[in-house]
2 protein chains.
Amino acid sequence: MQTLDALGAGAGPAPIFAALGDRTRLSLLARLSDGEPRSIAALSADTDLTRQAVTKHLHVLEDVGLVSSIRVGRESRFAYRPEPLAAARSYLDEVSARWDEALARLKSFVEG
Amino acid sequence: MQTLDALGAGAGPAPIFAALGDRTRLSLLARLSDGEPRSIAALSADTDLTRQAVTKHLHVLEDVGLVSSIRVGRESRFAYRPEPLAAARSYLDEVSARWDEALARLKSFVEG
DNA sequence: GACACTCGCAACCAGGAGGTTGCTGATATG
DNA sequence: CATATCAGCAACCTCCTGGTTGCGAGTGTC
């Protein structure tokens, strides 16, 4: 099953998981997943972090395509992007399926 | 939807994603997902990394429960563990569902 | 018992991640 | 125009990460 290595966005799913591997970024994504684009100031509002720290996290998310940004007037709005997360999901599904097949083989071996 | 913050293994899904955010570890997990426990030496065999490097990666995976290890004679066998990956999948499913609902609301607003 | 294999521990290193502060520039608003 | 807001850039810092090497200890084999 080479697809485990083949599929993936760009350099594979690892960078996507890496981007997801941070509480702050997960929180940002969760807030943006309601479809409402938000400015950096808005996203930094109820956080104990600096605006700059939030900005860096948003750039990390943007680098792997999890969010997109457009400049509107003096503020830049960040919006959720579903594609990379779908890729991540399908990768986890593949690994999971591989495991389920292994279980099925084991079961049929024991029974048969 | 507080479940986005509530669920999670231990300190939330972020550490799991962080553990998945590395090509080497993803590769190790993919190989172990066939159900066959393997020794460190076996897992280090067709890698250009040192055995110690592989060991560290395996420990990272073990820390978040993605693999488990048992000592058998002089070698320690690492085996795949499905639970954390299931948690990661369900988290991604939640975010994805949130997004889908947002799309549905937008659609019904435009149409209605 | 001598030897080969498997592993753990510790030290060490370079580089990147997460975060802060300070400053500057652009855009609204009075 | 004066002022406040939003953001980008750069420097700097600390700590973790990924990786290496060296060495010692347990385990199997002849």
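Here is how names work: the chains are called A, B, and so on, in the same order as the sequence lines, proteins then strands, and each is numbered from 1.
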Given atom NE2 of B:H59 and atom P of D:dT17, what is their separation to the nearest angstrom? 14 Å
Minimum-distance nucleotide (side-chain atoms of B:S39 versus C:dT21, C:dC7, D:dG18): C:dC7
More 5' along DNA chain C: A:E75 or A:D22, using each one's nearest nucleotide? A:D22
Ignoring hydrogens and angles, are the base of C:dG19 and the side chain of A:R51 linked by a donor-acceptor pair under 3.5 Å? no
We want to know whether B:S96 and A:R89 form a side-chain donor-acceptor pair, criterion being a heavy-atom distance below 3.5 angstrom. yes
Could you grab the distance from atom CD1 of B:I16 to atom CG of A:L20, nearest 0.5 Å is fine? 12.0 Å
CG of B:L58 versus C1' of D:dT17: gap in Å, rounded? 16 Å
Looking at every strand, decide which applies to A:A53 at a 4.0 Å heavy-atom threshold: base, sugar-phosphate, or nothing. base
To the side chain of B:K56, which of C:dA11, D:dC23, C:dC23 is closest? C:dA11
Examine the side chains of A:S33 and B:R98 and answer whether a donor and an acceptor come within less than 3.5 Å of each other. yes
Where does the angle between the aromatic ring planes of B:W99 and A:Y80 fall among parallel (under 30°), tilted (30 to 60°) and perpendicular (over 60°)? tilted
Out of D:dA7, D:dT20, C:dT6, whichever nucleotide has its closest atom nearest the side chain of B:L49: D:dT20
Can you tell me which nucleotide in C:dA11, C:dA28, C:dT20 comes closest to the side chain of A:Q52? C:dT20
Could you give the CZ-to-P distance, from A:R23 to C:dA17, as a whole number of Å? 20 Å
Taking only side-chain nitrogens and oxygens of A:H57, does any of them come within less than 4.0 Å of OP1 or OP2 of C:dA17? no
Can you find a donor-acceptor pair, distance only, under 3.5 Å between B:R74 side chain and C:dC7 base? no
Measuring to OP1 and OP2 of C:dG19, would you say a side-chain N or O of A:T50 lies under 4.0 angstrom away? no
Using a cut-off of less than 4.0 Å, is there contact between a side-chain N or O of A:S76 and OP1 or OP2 of D:dC6? no
What's the CD1-C1' distance between A:I40 and D:dG8, to the nearest Å? 8 Å
Would you kindly give the CZ-to-C1' distance between A:R38 and D:dT5, to the nearest whole Å? 20 Å
Taking any heavy-atom pair under 4.0 Å as a contact, classify B:R71: base, sugar-phosphate, or nothing. sugar-phosphate
Using a heavy-atom cut-off of under 4.0 Å over every strand shown, decide if B:R77 touches base, sugar-phosphate, or nothing. nothing
Verify, without hydrogens or angle tests, whether A:R38 (side chain) and A:R31 (backbone) share a donor-acceptor contact under 3.5 angstrom. yes
